[in-house]
Every structure is written in structure tokens, then in C-alpha cells.
> 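This is the structure I have questions about; it appears just below.
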Amino acid sequence: MMTSRALLLTLAFSAAAACGQTAARYEGLCDASAAVALDALHFVVASDEDNLLRIFDRDKPKALATLSLEAFLRTRRIEADLEGAARIGERIYWIGSLSRDSKGRPAPQRNLLFATDIERGTTPPTLRPVGRGPVPLLDALVASAAGQAWRLADAAHKSPETPGGLNVEGLTSADDGALLIGLRSPLREGKALVLPLRNPAQAIDGQPPEFGDAIALDLDGRGVRAMTRLADGYVVVGGPTADAGSFALFRWRGGSAPAQRFPQPALGSLRPEALIVWAGIPQLQLLSDDGAVKIGGNPCKKLPAHARSFRGLLFAP
């Protein structure tokens, strides 16, 4: 008899194949929350449930290498809620949710930006943390002109899935070397906030973070759940500010240009929270946060590590 897990994956993969998409399953974690390509075949992915980076071959289910961030982040085994990643050259920037915990308690370990450099010469490439440690962003963010306009100081005192609570989930690079930070919440008049961090390299080296003007992005009432840069703009994953709601993909040219909804791919039960650009194919790959997917009656995130998995969907943009 087919298990509930196998049935779920079979249905998802069959739907993807029917739409000309390629589905895959990767093992060892459920909550894929941020990822970038390292080369033409390998990617690194973070989970929002631990402080371990995992490197995968796109075509293989098991991680090839891992990097523990415990010592560098000084989190004492408390998850840093890593939610976004963006590559600029050979450097990958990572950001936490900047939020309180689910009960509304202060969670300073989530208030961080840090970077890892890609080191070549091995297959797969390896990663090395750089800088003096994680950089807190929240105070500078709420004090910025954009933070004041969006009342982020008030949002930062709420739990992340409470209406209006502060919650960061997207990160990508801009063509001028800045990082674009995408907020899942709060929304303003139904629009999501995208905020440029102008000086990420300098911030990692200890200079004060500098933020640019806020961009209000209309994602049909959704917040930003992932984003990535293409040659002609960006792809943005829009999703619910809390748990319930639908996901959709959007093309965005940047700046004041409106976001245009993608008709494809069919997402089905996927909850995409990471988005990879594969330049050599060229294709994109969505990674799903499957922590809440029930397997044998239990959420994936409650299973032993060897039984955990998440889904990926490869498609042409």
C-alpha cells in the first residue's frame, strides 16, 4: 500500500510532469527557507528550524556537505530563523526573520545579517563565514525613513504571524550592489514592503546599515515569501502573512514597476520559500517549506532527521 508521504509526492510530481516541470525531493530537512546556486549543479539551502547550511547536488536527494553556524552565530542551539539568501559575486548574504518568536517574545538571535564566501577548488564548493559575526539590523531598520513610514517599530513588538507583525522572508541582490529585503509582514494597504539595504558589504565589516526608500509591491494581498534576481528584473514569490492562504509567482521589473503574476508553474500543495536561479540551464527552482506536511499523521518537522524531506520544482521562467 502506498504511504501518505509517497502518495503526496506522487501526486505533486505527476502534476509537475504534466505541466512540463521537473520535481525533486531532497532529504534531511523539511523547512527549506533560503537557498542559492553555488555553480551549475550545486546549491546551498538553509532551514528556519536549525543553524546548519546544507549543500546538495540538484539531481541527488542527499546532502553532500554541511556547515554548522552555531559558533559563528553564537546562538547556543537556538535557531536563528534564517529566511533569505542572496549571492553577490562569490559572497552569499543570509538574513534572519528579524521577528519575535511565535509567542511574541523577544528573539534577538533572529535579528541578523551575515555572509559566507564561496571557496572553489573542491566539488562541491565549500563555504566560509566572513566578518566578525552576525550584524543586527532591526534598530537601523525601524529608525530608517522607510521604517518610520511603515511603523515598523510597532510591528516589531508583535509576534510574526499576528496581523501587522514584523517578519522578513525575502532577500535578493540589486544591480547596484544593494540587497533588497522583502517583508512577509506587515502589509500596507494590502501591499508588501521591499526595502533596499544600500551597503551590505560595509555593514558586514561593521559600518552602520543604510536603507533606501521603501517600495510597496502589490502581490494581490500577499507578502514576500522569496525573491530572486534575473537579467531583466526579479521573480517574487507572494504568500500569506500567516499560515492560511495561497502562494503565487510574480515578475517584477524593479522600482515603481508593477508586479505581474505568472500563470505557471502550477504550485499545487507546494509552499515555496526559496527560489534558485540556474543560469546554465536556464531554469528556476522553487523549494518548498514542508515542515507542516503530515507524514503518517505527524508533521514532517517532528520526524527524525533521516525521515525528513522537502520538495523542489524546476521550471522555465
Side-chain angles (χ1 to χ4, degrees), residues 5-6 8-9 12-13 16-17 21-70 79-80 82-87 90-95 114-129 169 171-172 225-228 235 237 265 267 270-291 293 295 300-301 303-317:
R5 176 183 184 181
L8 174 65
L9 293 172
F13 291 4
Q21 304 155 8
T22 303
R25 179 170 60 86
Y26 303 99
E27 299 174 359
L29 70 153
C30 308
D31 306 82
S33 60
V36 296
L38 298 176
D39 56 24
L41 188 60
H42 301 97
F43 68 92
V44 57
V45 61
S47 167
D48 56 16
E49 293 292 324
D50 60 31
N51 302 323
L52 190 68
L53 301 181
R54 297 167 174 87
I55 296 174
F56 284 87
D57 181 311
R58 184 181 63 233
D59 301 326
K60 298 179 180 178
K62 297 184 181 296
L64 303 178
T66 61
L67 173 64
S68 173
L69 298 169
E70 288 288 344
E79 50 87 7
L82 301 179
E83 294 288 359
R87 178 176 165 182
E90 295 293 274
R91 177 161 292 182
I92 303 170
Y93 292 92
W94 304 85
I95 195 169
F114 70 96
T116 55
D117 280 353
I118 302 170
E119 296 191 331
R120 306 292 176 184
T122 62
T123 301
T126 58
L127 296 173
R128 176 178 60 87
E169 288 217 359
L171 190 71
T172 192
R225 301 297 290 266
M227 55 198 310
T228 196
V235 176
V237 177
L267 298 178
L270 293 175
R271 296 180 63 84
E273 291 200 2
L275 187 56
I276 299 171
V277 178
W278 293 109
I281 305 179
Q283 286 188 312
L284 300 179
Q285 189 171 23
L286 293 167
L287 304 183
S288 181
D289 183 337
D290 287 339
V293 173
I295 301 171
C300 177
K301 68 172 67 178
L303 298 175
H306 71 271
R308 298 175 185 175
S309 64
F310 67 93
R311 293 166 291 170
L313 183 67
L314 198 66
F315 67 99

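All values reported here derive from a predicted model rather than from experimental measurement.
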> Asp290 pairs by side chain to side chain donor-acceptor pair (under 3.5 Å) with which of Arg311, Arg271, Arg308?
Arg311

> Of all heavy-atom pairs between Pro129 and Leu67, which one has the smallest distance, and what is that distance?
CD-CD2, 4.1 Å

> Between Glu119 and Thr126, is there a side-chain heavy-atom distance shorter than 4.5 Å?
yes

> Against Arg87, only a single residue in Thr116, Ile92, Thr172, Val277 fulfils side chain to side chain contact (heavy atoms under 4.5 Å, CB included); can you say which?
Ile92

> If you round to the nearest 0.5 Å, how far is CH2 of Trp278 from CG of Leu314?
8.5 Å

> Let's go through Thr228 and Ile276 carefully: what are the C-alpha distance in whole Å and the side-chain angles of both, what is the deciding distance for side chain to side chain contact (heavy atoms under 4.5 Å, CB included) to 0.1 Å, and is it a yes or a no?
CA-CA 7 Å; Thr228 196; Ile276 299 171; over 6 Å; no

> Measure the spacing between CD of Glu83 and CZ of Arg225 and express it to the nearest 0.5 Å.
8.0 Å

> Between Phe310 and Ala32, what is the shortest heavy-atom contact and its length?
CD1-CB, 3.7 Å

> Do the side chains of Pro265 and Leu284 get nearer than 4.5 Å, heavy atoms only?
no

> Less than 4.5 Å apart, side chain to side chain, heavy atoms only: is that true for Thr123 and His42?
yes

> How many angstroms lie between atom CG of Leu171 and atom CG of Leu275, to the nearest 0.5 angstrom?
12.5 Å

> Flag the pair Arg25 / Pro61 as yes when at least one side-chain heavy-atom distance between them is below 4.5 Å, and no otherwise.
no

> Once ring pair (Phe, Tyr, Trp, His ring centres under 6.0 Å) is applied, do any residues pair with Tyr93, and if so which ones, sequence neighbours excluded?
none

> Show your working on side chain to side chain contact (heavy atoms under 4.5 Å, CB included) between Ser47 and Arg54 and close with a plain yes or no.
CA-CA 9 Å; Ser47 167; Arg54 297 167 174 87; 4.2 Å; yes

> Any non-hydrogen side-chain atom of Leu286 less than 4.5 Å from a side-chain atom of Leu267?
yes

> Under the rule for side-chain hydrogen bond (donor to acceptor under 3.5 Å, both in side chains), what residues qualify as partners of Asn51, not counting sequence neighbours?
Glu70, Thr75

> Can you check whether Val45 reaches Tyr26 side chain to side chain, under 4.5 Å on heavy atoms?
no

> Using 30° and 60° as the class limits, which term best fits the ring planes of Phe114 and Trp94: parallel, tilted or perpendicular?
parallel

> Apply the side chain to side chain contact (heavy atoms under 4.5 Å, CB included) test between Leu127 and each candidate in Leu69, Thr66, Leu38; give the one that qualifies.
Leu38

> Out of curiosity, Glu79 CD to Glu49 CD, how far, rounded to the nearest 0.5 Å?
6.0 Å

> Could you go step by step and tell me if Arg58 and Thr22 meet the side chain to side chain contact (heavy atoms under 4.5 Å, CB included) rule?
CA-CA 11 Å; Arg58 184 181 63 233; Thr22 303; over 6 Å; no

> I need the full list of salt bridge (Lys or Arg N to Asp or Glu O under 4.0 Å) pairs touching residues 29-48, with sequence neighbours left out, sorted by first then second residue.
Asp31-Lys301

> Considering all heavy atoms of both residues, which atom of Ala274 and which atom of Ala35 are nearest to each other, and what is their separation?
CB-N, 3.9 Å

> Are any non-hydrogen side-chain atoms of Arg91 and Asp117 less than 4.5 angstrom apart?
yes

